[in-house]
Amino acid sequence: MRPTVAFHTLGCKVNYYETEALKGQFRQEGFVLVDFHAGADVYVFNTCTVTHLADRKSRQAIRRAKRKNPRALVAVIGCYAQVKPDDLAALKEVDILQGTADRMSLPGRVKRALAAGQPGKSLPGEIIPASANLTFEEMPWQSQQGRTRAFLKIQDGCDRFCSYCIVPLARGPLRSLPPSRVLHYLQEIANAGYREVVLTGIHLGLYGVDLQPAWNLADLLEEIKGLAGIMRIRLSSLEPADISEQLVDVLKSDGRFCPHLHIPLQSGDDQILEAMARPYRTMQFSYLVQYLENEIQDLAISSDIIVGFPGENERNFQNTLRFVEKCGFSRLHVFKYSPRRGTRAAQLSPQVPYPEKQKRSRQMMALGEELSRRYQDRFVGKTLPVLLESPVPGEADQAQQERQATWEGLTPNYLRVQLSCENARRGELYQAQIQASYPGYLLGSRAGEFGVRGEK
Ligand code: 5AD
Ligand code: SF4
């Protein structure tokens, strides 16, 4: 009997990408993939450690799985395993630990452990430190059934060391997938029938600086323009300092590049930005926002904010609220500052008490919702292209849902639209006349159909 394996992923899009690649590798090594809730012989947890909450969620998920399946072998990999191997090795539930390096070797390790019979604890010394992880570990793209959007990881690691951030320790230095490999995978994605692709990375804006000869993201996007078949191309997070005129020019030059950028601000107070070791101040950030909005029509800019950074007082926080409102983000991700061992900010004082962080987080999230509503409302009465992703779940079974009239999809600027269209299919593109705005989505009616290819 072939062994079964189930996966659980926490954290960012890059982690999800890596899990998919690992699934492919496990399949190749003869494992059968099963749902996480089915009893499996092996459980793989791909963990995150960006906040203490991420650590806790990882530990909880591991314990729960082992309680339900005491005889299963548990492998824990990823950022948390890289940064705090001792914490995880101390859990009796954990059998194999592997950090963020050499992950494609995991199925082999698991096989050997299974063959040896007893799930046995591996030592934290078996963790490969991030600093040894210097080359880009190519983790092949895998097709996922029933999706219209594909993710492709083209860059890993970060050298920036913002004072709050554990990621450079978790993932090591900046590395990039060579352009020829990026184009190879994009061709595979197009051939597999995907309409949309998201290029992801940890510090994506510095794509290529480590390559010989050096590359940059704008040049890569120029190359991608020559590729037929993919209708929409999105970029994951970009640091404000990395958005060059050349990049904006290339984004404008082809309708397939989506007018949505995620640009983490983190704080709207210059004193706090300095303490965070962020390489810009509010004035530069607002120039950037103005410039981008002038250059790219209907651009959506989303952002990340950390509340309760050490030393953040009420005045700093109010500055951030005002500045965030002025920037008019289309969506906000709010994080409560979490001290990470080994980062500079963890040593700073005073740390903000938890109830205060909670209060600020609630206030910032309320502003985020208001800004999303304002951004969405701008499009009521307009006609937008919507790429259908899934039928809106209801009482009906899967087959009924597919025929059913209401579908959900995304516009190029990342607005969710619900749309009535009978006999439609996943991955089709419709023109939607937007009628109303609700929390989290717009309601539209069908205004016309495109050919499969053209967005404009
Ligand atoms: N505490 C809270 N949020 C953090 N982030 C990164 N490090 C921390 C931390 N120590 C947030 C940042 C980043 C996002 C991915 O996670 O906002 O952009
Ligand atoms: Fe979490 Fe950061 Fe690692 Fe992604 S890179 S999994 S966000 S710690």
Side-chain angles (χ1 to χ4, degrees), residues 1-11 14-49 54-130 132-133 135 137-145 153 156 170-171:
M1 275 264 280
R2 296 201 290 161
T4 53
V5 58
F7 290 81
H8 186 74
T9 311
L10 296 113
V14 174
N15 251 21
Y16 281 86
Y17 176 86
E18 290 163 346
T19 298
E20 289 307 313
L22 263 181
K23 284 183 186 171
Q25 189 71 6
F26 268 91
R27 241 186 257 119
Q28 247 181 33
E29 300 261 359
F31 287 80
V32 177
L33 262 58
V34 294
D35 185 75
F36 189 79
H37 301 290
D41 299 320
V42 179
Y43 284 86
V44 178
F45 293 88
N46 196 1
T47 58
C48 170
T49 191
D55 288 0
R56 194 198 300 155
K57 279 188 191 158
S58 303
R59 288 194 305 269
Q60 281 170 347
I62 293 164
R63 289 220 183 87
R64 233 180 293 127
K66 190 76 168 196
R67 223 178 295 130
K68 267 180 76 181
N69 309 278
R71 292 159 59 87
L73 185 116
V74 170
V76 181
I77 63 166
C79 294
Y80 185 23
Q82 181 73 41
V83 173
K84 293 183 179 161
D86 299 354
D87 277 23
L88 286 164
L91 294 185
K92 63 179 189 313
E93 291 86 355
V94 179
D95 298 306
I96 290 183
L97 276 178
Q98 179 131 4
T100 55
D102 200 20
R103 275 156 297 186
M104 297 303 268
S105 68
L106 184 68
R109 279 187 77 186
V110 168
K111 257 179 155 170
R112 285 192 295 279
L114 287 177
Q118 284 280 322
K121 249 189 209 317
S122 65
L123 298 170
E126 286 186 46
I127 289 277
I128 302 152
N133 179 3
T135 51
E137 185 188 10
E138 193 164 324
M139 301 182 77
W141 174 79
Q142 301 287 323
S143 184
Q144 278 178 280
Q145 273 197 340
K153 174 185 150 187
D156 201 348
R171 285 189 172 268

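All values derive from a computational prediction rather than experimental measurement.
Here the CZ-OG1 distance, from R59 to T47, works out to 11.0 Å after rounding to the nearest 0.5 Å. With values rounded to the nearest 0.5 angstrom, I96 atom CD1 is found 5.0 Å from L73 atom CG. Atom CD in E93 sits 8.0 Å away from atom CZ in R67 (nearest 0.5 Å). One finds the CZ atom of R109 at 13.0 Å from the CZ atom of R103 (value rounded to the nearest 0.5 Å). To the nearest 0.5 angstrom, L22 atom CG is 4.0 Å from M139 atom CE.
Under the 3.5 Å distance criterion, the side-chain polar atoms of Y16 are left unmatched by any main-chain donor or acceptor of G11.
Considering all non-hydrogen atoms of both residues, C79 and R171 come closest at SG-NE, 3.6 Å. Here the closest heavy-atom approach between residue A101 and residue Q82 is recorded as N-OE1, 4.1 Å. The minimum heavy-atom distance linking A170 with T49 is given by the pair CB-CG2, 4.4 Å. Across all non-hydrogen atoms, the minimal contact from A81 to V76 is CB-O, 3.8 Å.
The side-chain contact (heavy atoms from CB on, under 4.5 Å) check on R2 picks up V32, with sequence neighbours excluded. Taking the side-chain hydrogen bond (donor to acceptor under 3.5 Å, both in side chains) definition, one finds that K111 meets it with E29, sequence neighbours left out. In this structure F26 satisfies the ring-ring contact (aromatic ring centres under 6.0 Å, His included) test together with F7, F31, sequence neighbours excluded. Residues satisfying the side-chain hydrogen bond (donor to acceptor under 3.5 Å, both in side chains) test with T19, not counting sequence neighbours, are T9, N46. Partners of E20 by side-chain hydrogen bond (donor to acceptor under 3.5 Å, both in side chains), not counting sequence neighbours, listed by chain and number: K23, Q144. Listed by chain and number, the residues in a side-chain contact (heavy atoms from CB on, under 4.5 Å) with K84 are D55, Y80, D87, R340, R341 (sequence neighbours excluded). Checked against salt bridge (Lys or Arg N to Asp or Glu O under 4.0 Å), K57 has no partners two or more places apart in sequence or in another chain.
D156 has its side chain out of reach of T100: every pair of non-hydrogen atoms, C-beta onward, lies at least 4.5 Å apart. Taking the side chain as every heavy atom from C-beta outward, K66 and D95 approach each other to under 4.5 Å. Counting heavy atoms from C-beta outward, I77 and E18 have side chains that stay 4.5 Å or more apart. Using a 4.5 Å heavy-atom cutoff, the side chains of R63 and L91 are in contact.
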Could you give the side-chain donor-acceptor pairs of residues 33-43 under 3.5 Å, partners two or more places apart or in another chain?
| unit_1 | atom_1 | unit_2 | atom_2 | d |
| --- | --- | --- | --- | --- |
| D35 | OD2 | H37 | N | 3.0 |
| D41 | OD2 | T4 | N | 2.8 |
| D41 | OD2 | T4 | OG1 | 3.3 |
| Y43 | OH | A38 | O | 2.9 |
| Y43 | OH | A40 | N | 3.1 |
| Y43 | OH | N69 | ND2 | 2.9 |

